[in-house]
Engineer: 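The structure's right below; bear with me while I get my questions together.
Atom set for the values below is all heavy atoms of this structure, side chains included, hydrogens, waters and symmetry mates excluded. Quantities reported herein were computed from a predicted structural model and do not represent experimental measurements.
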Amino acid sequence: MMIVWQEFDPRVFPIWAFSLIVCEFFVHYRWRASLICSNCGFDPVLYKKNPERAQSAVNQFVAKRRQDPSFLLTKSGQHLISRRKPIGNLEALKRELYPKEIGITVVPQQSLKDVVH
C-alpha cells in the first residue's frame, strides 16, 4: 500500500478482501479434491448430499479404470493381480461353483438339530 501509492489508501481493503476470497476458494477446492479416493473414486461429500450420484460416480470411475490397461501397472492394479486365486485351483473352484455341470452330486449334510437329538 505504501509502496504503490506512497500513503495510506482505502483502495487496499477491497483488493485485500478479493484476494482473500480467491485464496479461500482455492483452499476449499484443494480440500475437496483431496477427499476423493484415488483407488475407487469415492467422494464422501457427494455421498452425503446425494448417494445415488456418488454411486454412479464410483461406477463410472471403475468402468473407466477397467478400460485402462495402464491401471495394471499401478500399485493398486498389482495388488489386485496378486490377490487372484492361482490357476492350479481352477478345477477345484469349478467343482465348487458348478457341481451339477461337472457331474458331481452334492449330498446335503445333516443339520445340527438332527445330530444333537
Side-chain angles (χ1 to χ4, degrees):
M1 172 171 80
M2 294 293 274
I3 296 173
V4 176
W5 290 293
Q6 305 298 322
E7 60 185 29
F8 178 75
D9 195 349
R11 290 182 283 185
V12 170
F13 291 112
I15 295 170
W16 176 76
F18 178 74
S19 65
L20 186 64
I21 291 169
V22 169
C23 290
E24 283 297 320
F25 170 76
F26 283 110
V27 166
H28 184 75
Y29 179 75
R30 284 180 52 209
W31 171 75
R32 284 280 286 122
S34 70
L35 286 179
I36 300 172
C37 179
S38 61
N39 291 327
C40 66
F42 178 72
D43 185 0
V45 176
L46 181 61
Y47 179 78
K48 191 91 166 153
K49 291 180 181 178
N50 189 349
E52 290 82 21
R53 255 182 74 198
Q55 181 183 7
S56 67
V58 169
N59 290 339
Q60 288 174 356
F61 185 88
V62 170
K64 185 176 78 172
R65 183 65 71 89
R66 284 184 188 145
Q67 299 298 325
D68 185 18
S70 65
F71 167 66
L72 295 176
L73 299 176
T74 64
K75 189 174 183 179
S76 301
Q78 293 296 321
H79 178 67
L80 291 176
I81 291 172
S82 65
R83 293 182 68 195
R84 289 185 183 169
K85 292 187 176 183
I87 198 75
N89 295 339
L90 185 61
E91 292 302 320
L93 184 62
K94 282 183 184 177
R95 282 193 300 261
E96 183 181 322
L97 293 176
Y98 310 109
K100 292 181 181 178
E101 293 178 9
I102 299 175
I104 300 172
T105 57
V106 178
V107 178
Q109 295 179 350
Q110 293 179 347
S111 67
L112 185 59
K113 193 185 305 181
D114 294 336
V115 174
V116 172
H117 288 49

Engineer: For residues 32-42, which residue pairs pass the salt bridge (Lys or Arg N to Asp or Glu O under 4.0 Å) check, not counting sequence neighbours?
Structural biologist: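 Sorted result for residues 32-42: Arg32-Asp43.
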Engineer: Which residue pairs satisfy the ring-ring contact (aromatic ring centres under 6.0 Å, His included) criterion with at least one member in residues 50-70, sequence neighbours excluded?
Structural biologist: none
Engineer: Taking side-chain contact (heavy atoms from CB on, under 4.5 Å) as the definition, give me every residue that meets it alongside Val27, ordered by chain and number, with sequence neighbours left out.
Structural biologist: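 For Val27 there are no side-chain contact (heavy atoms from CB on, under 4.5 Å) partners, ignoring immediate neighbours.
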Engineer: Keeping to residues at least two apart or across chains, list the salt bridge (Lys or Arg N to Asp or Glu O under 4.0 Å) pairs with something in residues 13-31.
Structural biologist: none
Engineer: Starting from Leu20, walk the hydrophobic network (Ile, Leu, Val, Met, Phe, Trp, Tyr; side-chain heavy atoms closer than 4.5 Å) and list everyone else you reach, by chain and number.
Structural biologist: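 ILVMFWY cluster around Leu20 also holds Trp16.
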Engineer: If you link I, L, V, M, F, W and Y whenever their side-chain heavy atoms are under 4.5 Å apart, who else ends up in the same group as Phe18?
Structural biologist: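 For the cluster that includes Phe18, the remaining residues are Val22, Phe25, Phe26.
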Engineer: Hydrophobic cluster mates of Leu35, side-chain heavy atoms under 4.5 angstrom, ILVMFWY only, any path?
Structural biologist: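 Under the 4.5 Å side-chain rule, Leu35 groups with Trp31, Val45.
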Engineer: Under the side-chain contact (heavy atoms from CB on, under 4.5 Å) test, which residues partner Ala54, sequence neighbours left out?
Structural biologist: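 side-chain contact (heavy atoms from CB on, under 4.5 Å) check on Ala54 returns Leu46, Tyr47.
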Engineer: For residues 48-63, pull every pair meeting salt bridge (Lys or Arg N to Asp or Glu O under 4.0 Å), keeping only residues two or more places apart or in separate chains.
Structural biologist: none
